[in-house]
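For this chain, numbers begin at 1 and follow the sequence in order.
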Amino acid sequence: MGILLTTGGQVNFPGLGLTIENLIEGFDIFGLHISLSGILIALSMFLGLFITERLAKKTEQNTEHYLDLAIRLVIASVIGARIGYVLSHWQYFITDQGSVFDISDGGMSAIGAIIAGLLVSLVYCKQKKLSWLQICDTSLPGIVAGQIVASLGCFFGRNMLGTYSDGTFAMQVALQDVDAKAVSMGRASTHMIRGNFLQVHPVALYEAFILLVLFILLMVTW
């Protein structure tokens, strides 16, 4: 009993000559397993709100509006992310409708979350008679910073895989650690398999890097 660090399978970057033999999966805290992916995604929300509130204070806005909106956005984003994922993989869910509401193994769409968030923020600003453009301008750096952390969560969770790659930055993920749904949905085709590994683009790391550059540009020009 107590707090125990748990590690998972192996991840290789053959083009870089880099191997991570025991990727961190999460923590066992008094018998309860908490994934690192989940921790980072939760942290991304707090980080996004923290940065947004700092920027709102800097421009003498009412920070309570942002906290109130953040609560609504979290709920809407989770629902929107799941709906977006189900719609984009409808061929799978049409034969397994019982798993539509099962998010225990992941299955969320960033696009779905963004669309839901935009709609809720528009309605909220109209109700409160706030400038939607100002809300977006103030929130964007925080959202980008939060998404950087969330992308790293996807990397550690190995639930955001790209298509096949044999380039310098190609990533090999142990087949045993690949989401079974990804295989059944056809995202893990036969030619992507190299021995006991799936070789793909590390999309989560690409996203984290691009968003980091964007965040720096936003903060420099904000």
Chemist: Does the side chain of Q10 reach to within under 4.5 Å of the side chain of L23, using non-hydrogen atoms?
Modeler: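 Answer no - side chains too far apart.
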Chemist: Can you tell me if Q172 and Q199 form a side-chain donor-acceptor pair at under 3.5 Å?
Modeler: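 Yes, a side-chain donor-acceptor pair sits under 3.5 Å.
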Chemist: Is there side-chain contact between F197 and V11, with at least one heavy-atom pair below 4.5 Å?
Modeler: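 With C-beta onward as the side chain, the pair stays apart.
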Chemist: In Å, rounded to the nearest 0.5 Å, how long is the span from CG of L69 to NZ of K128?
Modeler: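 Reported value, rounded in 0.5 Å steps: 10.5 Å.
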Chemist: In Å, rounded to the nearest 0.5 Å, how long is the span from CG of L67 to CD of E53?
Modeler: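 So the CG of L67 and the CD of E53 are separated by 6.0 Å.
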Chemist: Going by heavy atoms in the side chains, are L122 and K126 under 4.5 Å from each other?
Modeler: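 They are not in contact (no side-chain heavy atoms under 4.5 Å apart), so the answer is no.
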Chemist: Could you tell me which non-hydrogen atom of A76 sits nearest to which non-hydrogen atom of A116, and how far apart they are?
Modeler: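 Taking A76 first and A116 second, the nearest heavy atoms are O-CB, 3.4 Å.
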Chemist: Would you give the length of the straight line joining atom CG of L36 to atom CZ of F155, rounded to the nearest 0.5 angstrom?
Modeler: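 L36 atom CG to F155 atom CZ measures 10.5 Å (nearest 0.5 Å).
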Chemist: Does a side-chain heavy-atom distance below 4.5 Å link Q147 with F215?
Modeler: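 The answer is no, as the side chains (C-beta and beyond) never meet within the 4.5 Å cut-off.
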Chemist: Just so I know, are the side chains of L119 and V123 near enough to count as touching, which here means a heavy-atom distance under 4.5 Å?
Modeler: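 When only atoms from C-beta onward are counted, V123 and L119 do not touch, as no gap falls below 4.5 Å.
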Chemist: Measure across L214 and V144 and return the closest heavy-atom pair with its distance rounded to 0.1 Å.
Modeler: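 Reported closest heavy-atom pair: CD2-CG2, 4.0 Å.
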Chemist: Say you draw a straight line from CG of L40 to CG of L152; how long is it, rounded to the nearest 0.5 Å?
Modeler: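 L40 CG to L152 CG: 6.5 Å, rounded to 0.5 Å.
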Chemist: Go through the side-chain N and O atoms of S139 and Y66 and say whether any donor and acceptor fall under 3.5 Å apart.
Modeler: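 There is no such pair (donor and acceptor under 3.5 Å, judged by atom type) between the side chains of S139 and Y66.
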Chemist: Could I get the full list of ring pair (Phe, Tyr, Trp, His ring centres under 6.0 Å) partners for Y206, not counting sequence neighbours?
Modeler: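 Y206 satisfies ring pair (Phe, Tyr, Trp, His ring centres under 6.0 Å) with H201 only.
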Chemist: Working to the nearest 0.5 angstrom, can you tell me the gap between I114 CD1 and S121 OG?
Modeler: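 Here the interatomic distance stands at 11.5 Å.
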Chemist: According to the salt bridge (Lys or Arg N to Asp or Glu O under 4.0 Å) rule, which pairs have a member within residues 55-79, sequence neighbours left out?
Modeler: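 Every pair satisfying salt bridge (Lys or Arg N to Asp or Glu O under 4.0 Å) with a residue in residues 55-79: D68-R72.
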Chemist: Are any non-hydrogen side-chain atoms of S151 and L205 less than 4.5 angstrom apart?
Modeler: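 No, every pair of side-chain atoms sits at 4.5 Å or beyond.
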Chemist: Where is the tightest heavy-atom contact between S37 and C154, given as atom of each residue plus distance?
Modeler: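 Nearest pair, atom of S37 first, then C154: OG-N, 4.4 Å.
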Chemist: For L218, which of L211, L140, I143 qualifies under side-chain contact (heavy atoms from CB on, under 4.5 Å)?
Modeler: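 So, applying the side-chain contact (heavy atoms from CB on, under 4.5 Å) to L218 and each of L211, L140, I143, only L140 qualifies.
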Chemist: Calculate, to the nearest 0.5 Å, the distance between atoms CG and SG belonging to L133 and C125 respectively.
Modeler: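 One gets 9.0 Å once the value is rounded to the nearest 0.5 Å.
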Chemist: Identify which one of L217, I210, I216 satisfies the side-chain contact (heavy atoms from CB on, under 4.5 Å) criterion when paired with V213.
Modeler: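 Exactly one candidate clears the test, L217.
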Chemist: Quick one: are M171 and N12 in side-chain contact, heavy atoms under 4.5 Å?
Modeler: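 Result no, sub-4.5 Å side-chain heavy-atom pair not found.
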